[in-house]
Novice: 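Dropping the structure in here first, questions after.
Residue numbers start at 1 and run along the sequence shown.
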Amino acid sequence: QVQLVESGGGLVQAGVSLRLSCAASGRTFSNRFMGWFRQAPGKEREFVGGISRSGGNAYYADSVKGRFTISRDNAKNTVYLEMNSLKPEDTAVYYCAASSIWSRGVLTTTRSYDYWGQGTQVTVSS
């Protein structure tokens, strides 16, 4: 079992930065591809980005590429989402997720992930 707890969300103005953290329990964190998703009201949950087990490869949705950065610290069982130049359209509940799939590439679908955090709200005002 893996438990994920996100933190760092809040209400911010457009243009500022925010960093989300996701702390994982268990001893298998370093063996898992980790992903970040978000869900805005009335919309489906969408892939934001993901990071490989070692942290050597990170992948991003086109909507956040160049503004968001994902990193992980396997010694601390934590994955991060650094969000810069935030826009009102980034407003959503942000979730981190852990996958049991041993994949060489990026995992972008919700069904690829077995464990989810409770989510943290990010609201960007204009």
Novice: For the residue pair Leu107 and Phe47, establish whether any side-chain heavy-atom pair is separated by less than 4.5 Å.
Specialist: no
Novice: How long is the straight-line distance from OG1 of Thr91 back to CG of Leu86, given to the nearest 0.5 Å?
Specialist: 8.5 Å
Novice: For Thr123, check side chain to side chain donor-acceptor pair (under 3.5 Å) against everything at least two apart and list the hits.
Specialist: Gln121
Novice: Is there side-chain contact between Met34 and Ser99, with at least one heavy-atom pair below 4.5 Å?
Specialist: no
Novice: Quick one: salt bridge (charged side-chain N to carboxylate O under 4.0 Å, His left out) partners of Glu46, sequence neighbours excluded?
Specialist: Arg38
Novice: Evaluate the side-chain proximity of Ser100 to Arg32: yes if any heavy-atom separation is below 4.5 Å, no if none is.
Specialist: yes
Novice: For the hydrophobic clusters of this structure (ILVMFWY residues joined by side-chain heavy atoms under 4.5 Å, transitively), does one cluster hold both Val5 and Leu81?
Specialist: no
Novice: Where the side chain of Ser126 meets the backbone of Pro88, is there a donor-acceptor pair that is under 3.5 Å apart?
Specialist: no
Novice: Treating Ile, Leu, Val, Met, Phe, Trp and Tyr as nodes and any side-chain heavy-atom pair under 4.5 angstrom as an edge, say whether Tyr115 and Val48 lie in one connected cluster.
Specialist: yes
Novice: Other residues, nucleotides and ligands only: do more than 12 of their heavy atoms fall within 6.0 Å of CD on Glu89?
Specialist: yes
Novice: Could you tell me if Arg72 sits above the aromatic ring of Phe29, with its cationic atom closer than 6.0 Å to the ring centre and no more than 45 degrees from the axis?
Specialist: yes
Novice: Given side chains that start at C-beta, do those of Gln13 and Val124 come closer than 4.5 Å, heavy atoms only?
Specialist: no
Novice: Donor-acceptor pair, distance only, cut-off 3.5 Å: does the side chain of Asn84 make one with the backbone of Phe68?
Specialist: no
Novice: Report the residue from Asp90, Val12, Leu11 that forms a side-chain contact (heavy atoms from CB on, under 4.5 Å) with Leu18.
Specialist: Val12
Novice: Could you check whether any side-chain heavy atom of Glu6 comes within less than 4.5 Å of a side-chain heavy atom of Trp36, counting everything from C-beta outward?
Specialist: yes
Novice: Testing the basics here: between Trp116 and Thr110, what is the closest heavy-atom pair and its distance to 0.1 Å?
Specialist: CZ2-O, 3.6 Å
Novice: Do Thr78 and Asp73 get their side chains close enough for a donor-acceptor pair, meaning under 3.5 Å?
Specialist: no
Novice: Should Met83 and Leu4 be counted in the same cluster of Ile, Leu, Val, Met, Phe, Trp and Tyr side chains packed under 4.5 Å apart?
Specialist: yes
Novice: Run the numbers on Val79 and Ile70 for side-chain contact (heavy atoms from CB on, under 4.5 Å), then give the verdict.
Specialist: CA-CA 7 Å; Val79 61; Ile70 298 174; 4.0 Å; yes
Novice: Whether Arg53 engages the ring of Trp102 as a cation-pi pair (distance to the six-membered ring centre under 6.0 angstrom, angle to the ring normal within 45°) should be assessed.
Specialist: yes
Novice: Listing request: all disulfide bond (SG atoms under 2.5 Å apart) pairs with a residue in residues 17-115, at least two apart in sequence or in separate chains.
Specialist: Cys22-Cys96
Novice: Return the OG to CG distance between Ser52 and Asn57, rounded to the nearest 0.5 Å.
Specialist: 4.5 Å
Novice: Taking all heavy atoms of Ala92 and all of Ala40, pick out the closest pair and write down the distance.
Specialist: CB-N, 3.8 Å
Novice: Could you state whether Val2 and Tyr95 fall into the same hydrophobic cluster, counting links through intermediate Ile, Leu, Val, Met, Phe, Trp or Tyr residues with side-chain heavy atoms under 4.5 angstrom apart?
Specialist: no
Novice: Step through it carefully: locate the ring centre of Phe37, locate the ring centre of Tyr113, and say whether they are under 6.0 Å apart.
Specialist: yes
Novice: How many angstroms lie between atom OG1 of Thr28 and atom CD of Gln1, to the nearest 0.5 angstrom?
Specialist: 10.0 Å
Novice: Between Ile51 and Tyr80, is there shared hydrophobic-cluster membership here, with clusters defined by ILVMFWY side-chain heavy atoms closer than 4.5 Å?
Specialist: no
